[in-house]
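Read the structure below first, then the notes.
For clarity, every value in this text was computed on a predicted model and none was experimentally measured. Letters A, B, ... are given to chains in the order of the sequence lines, protein chains preceding strands, and every chain is numbered from 1.
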Amino acid sequence: MAEQERLGRLSEMLKRRGFLLPAFEIHGGAKGLYDFGPVGGRMRSRINQRWLDHWLRLGNVVELSCPTVTPYAVLEASGHVGEFSDFMTQCLKCEEASRADTLLEGHHPNPDALKKDELQSLLFKIRPACPACGAQEWSDVTAQNLMFNTTIGAGPSGRQGFLRPETAQGMFTSYGALLRHFRDRLPFGAMQVGKGYRNEIAPRQGMIRLREFNMAELEYFIDPEAPLDDDLSSWDAHPMVLIADGKEPTKMTLSDACKQGLIRHTTVAKFMGITWEFLTDVGIDPERLRFRQHEQDEMAHYAMDCWDAEIEGSYGWIECVGIAHRGCYDLESHEKATGRTLRARREFDEPRMTEIDGWTIDGAKAGPAFKALAGMVKTALEGLPKTTSFPLDLELPNGETVLVEEEHVKPNQKTIKETGEWYIPHVIEPAFGIDRIIWHVIDHAYHETEKKGEPYCLMKLQPSVAPVDYAVFPLFEKEGMDDLAWDVHQRLCRAPGVVSMYDGTGSIGRRYARADEIGVPSCITVDHQSVKDGTVTVRDRDTGEQIRMAISDLI
RNA sequence: GCGAGCGUAGUGUAGUGGUUAUCACCGGGCGUUGCCAACGCCUGAACCCGGGUUCGAGUCCCGGCGCUCGCACCA
């Protein structure tokens, strides 16, 4: 209850001070869409930048920026067209909407795989009871797609497309360029921060479920046969709360979790470590951070392992990051759909020699004799041992039998040398919900205290993500203090990456309070002495302590 | 999507059919003070949108949009 009230006060402040605002409000608002306001906008871009910098440290990761408008074929290949469509039906009595496949569970081995008309006819045949009212009459099945539809181009030549539901697909489809860039050497990664779109049926809980959201994803391509030797020692000092596959939470190091086989791949563990580092770096309380492994039936069918970073805040434990070992699913899907090769080459330590000593066809004779079947004959023949004698009745895979004469064949004797092989890389994907992370950074930074018996609000943001670095105040807007303060402000604004805010209205205490509320780490005050000797006071947000320093030493 | 509740200045609110829509914080100006939401004076700003009932609607009715919660959905 108290938690609810705190959430109310926090939301009110975020709106009032311009962190987060409902979008398009003067037109009545739009569900699931938010503005980052004059204060939140800066914070968002800082967190995005921080995220990119953090992963760039890996040294083999590049940043991409792919379109949000995505052709139908791309998302069909990725499985999103199928996966993100729900077939809905409505109870004719109580109008409750249900998923057709859910209603038919138990009446079909895999209703999820059925097409629309198959679901429709099965639904009308089985007539399952409505979970809400028990009636058995259902409307026609309609497709509800969670992706935003759009048309690329105008008129009849327009192609169907979607706004992307994740940034990942653009990185998979750029695989060729990435492989070239990294000179054919794995592992490597591509990442991007950007918008994703999901036409949620019921967006809820403020920033937690949005229709347009900020996401940051890394696709890290690895050789599945490479040794699992990622160095996890830098996190040995930080045991983390892990919930493995439905088990009880335990606190242990990533190294131990790998040794016990809870985390199935050391790169997944390493990314969990980097994720932990990033989240705590931007201000997430490590005590309210845990990793939960997806249970087998919860995981996408192709995924080999998946760990979510969950953060506790005003809405309970919320999944904010997913670290998934996706196997070769994505590249393989795009390969199948396009016929393009999306592979990497692995050289063998020693060339592999294969001795072949058997039979093959003599093309000049066998070709005219078997015509269309010649290819099949060749394959079948090459499978036969050296000891085979001809003529021979050879049974082909299609059931036909052909008579192979001695003149149709010749010995096949050769040595094949292979120096390596092509394989489809596996992908480990950390996917961050930036909005959810920003929400929790704010939630964890928001402190309600008292000052002289009055409620006082302090946003203890990490300086690296605070929306404003410095607030500059003239103690009073006269006697040259205003001009000097404005000069200091200008000087700070000209420094690269520094955000300064000038505030000359209200009492000095009020201005400190306003700065504290949006988490400005340092307040600079220009007073009478400043005008005489060029020094100012610098106040620390969290301690309130002030030191005096020369303006020239500020930056 | 269904059900319930709600929608009034920047924020939080009062207002059960009848003057110029309440109060507080808030914002701005001037002055006093001169380092932690100070004081005085002045001042700014709202009934979500559309329709209906009525002599008269912030208030009642209908529809839309939005918010919160529950169910369902979703990661």
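- In this structure, Asp516(A) places its CG atom 11 Å from P of A37(B), rounding to the nearest Å.
- A salt bridge links Asp443(A) with Arg6(A); the closest basic N to acidic carboxylate O contact falls under 4.0 Å.
- For Glu517(A), taking side-chain heavy atoms from C-beta onward, the closest of the listed nucleotides A37(B), C35(B), C36(B) is A37(B).
- A distance below 6.0 Å separates the ring centres of Tyr72(A) and Phe162(A).
- When rounded to the nearest whole Å, the span between CE of Met13(A) and C1' of G27(B) equals 18 Å.
- For the OP1/OP2 pair of G28(B) and a distance below 4.0 Å, the side-chain nitrogens and oxygens of Thr505(A) include at least one atom meeting the criterion.
- Per the geometry, CG belonging to Leu33(A) stands 14 Å off C1' belonging to C67(B), to the nearest Å.
- Closest-nucleotide positions on RNA chain B for Pro203(A) and His528(A) were compared, and the one nearer the 5' end corresponds to His528(A).
- Interface remark: the Arg16(A) side chain does not form any donor-acceptor pair with the C26(B) base, using a distance-only criterion of under 3.5 Å.
- Of all nucleotides present, only C23(B) satisfies the Watson-Crick or G-U wobble test against G12(B), with each distance under 3.5 Å.
- The existence of a salt bridge linking Glu517(A) and Arg16(A) is confirmed by a sub-4.0 Å separation between a basic side-chain nitrogen and an acidic carboxylate oxygen.
- Within 4.0 Å (heavy atoms only), Glu319(A) reaches at least one base atom of the nucleic acid.
- Distance CD (Glu448(A)) to P (A37(B)): 18 Å, rounded to an integer number of Å.
- Straight-line distance between the P atoms of G58(B) and U19(B): roughly 11 Å, to the nearest whole Å.
- The nucleotide whose nearest atom lies closest to any side-chain atom of Lys452(A) is, among C36(B), G12(B), C35(B), C36(B).
- Proximity note for Arg209(A) (side chain, C-beta onward) versus C35(B), C73(B), G66(B): the nearest is C73(B).
- Under the Watson-Crick or G-U wobble criterion, with both distances below 3.5 Å, C39(B) is paired with G31(B).
- Counting non-hydrogen atoms under 4.0 angstrom, Glu25(A) reaches nothing in the nucleic acid.
- For C26(B), the OP1/OP2 oxygens have a side-chain nitrogen or oxygen of Arg510(A) closer than 4.0 Å.
- Taking a cutoff of 4.0 Å between a charged side-chain nitrogen and a carboxylate oxygen, Arg50(A) and Asp281(A) qualify as a salt bridge.
- When heavy atoms are screened at a 4.0 angstrom cut-off, Gly196(A) is found touching no nucleic acid atom at all.
- A salt bridge does not link Asp305(A) to Arg326(A): none of the charged side-chain nitrogens sits closer than 4.0 Å to a carboxylate oxygen.
- A37(B) atom C1' lies 12 Å from atom CG of Asp503(A), rounded to whole Å.
- Across U11(B) and U20(B), the matching P atoms stand 26 Å from one another, rounded to whole Å.
- At A38(B), one or more side-chain N or O atoms of Ser507(A) fall inside 4.0 Å of OP1 or OP2 (strictly under the cut-off).
- Per the geometry, CE belonging to Met207(A) stands 13 Å off P belonging to C67(B), to the nearest Å.
- Across the protein-nucleic acid pair, Gln205(A) atom CD and C71(B) atom P stand 11 Å apart, rounded to whole Å.
- Base pairing of G17(B) is not made with any nucleotide, judged by Watson-Crick or G-U wobble geometry with both donor-acceptor distances under 3.5 Å.
- Between Lys451(A) and Arg292(A), the residue anchored nearer the 5' end of RNA chain B, judged by the nucleotide with its closest heavy atom, is Lys451(A).
- Gly32(A) comes within 4.0 angstrom of the backbone, heavy atoms only, and of no base.
- Using modelled atom types, one finds a donor on one side chain and an acceptor on the other under 3.5 Å when comparing Arg514(A) with Thr505(A).
- In this structure, CZ of Arg9(A) is placed 22 Å from P of A24(B), rounded to the nearest angstrom.
- Base contact: Arg204(A) has a heavy atom under 4.0 Å from a base atom.
- Within the nucleic acid shown, Tyr456(A) comes within 4.0 Å of at least one base atom, counting heavy atoms only.
- Separation of the C1' atoms belonging to G10(B) and G3(B) is 33 Å when rounded to the nearest angstrom.
- Counting only heavy atoms from C-beta on, Arg198(A) has its side chain closest to A75(B) among A75(B), U11(B), C35(B).
- Listed pair Arg514(A) / C26(B) fails the phosphate criterion, with no side-chain N or O lying under 4.0 Å from OP1 or OP2.
- At a threshold of 4.0 angstrom between heavy atoms, the contacts of Asp527(A) include nucleobase atoms, whether or not backbone atoms are also involved.
- Phe36(A) has its ring centre no less than 6.0 Å from the ring centre of Phe19(A).
- For the residue pair Tyr446(A) and Cys457(A), the shortest heavy atom distance occurs at CE1-SG, 3.4 Å.
- As the counterpart of A57(B), no nucleotide is assigned, since no Watson-Crick or G-U wobble pattern has both distances under 3.5 Å.
- If you check G5(B) for Watson-Crick or wobble pairing at under 3.5 angstrom, you find it paired to C67(B).
- Checking the phosphate oxygens (OP1, OP2) of G10(B), no side-chain nitrogen or oxygen of Lys15(A) falls inside 4.0 Å.
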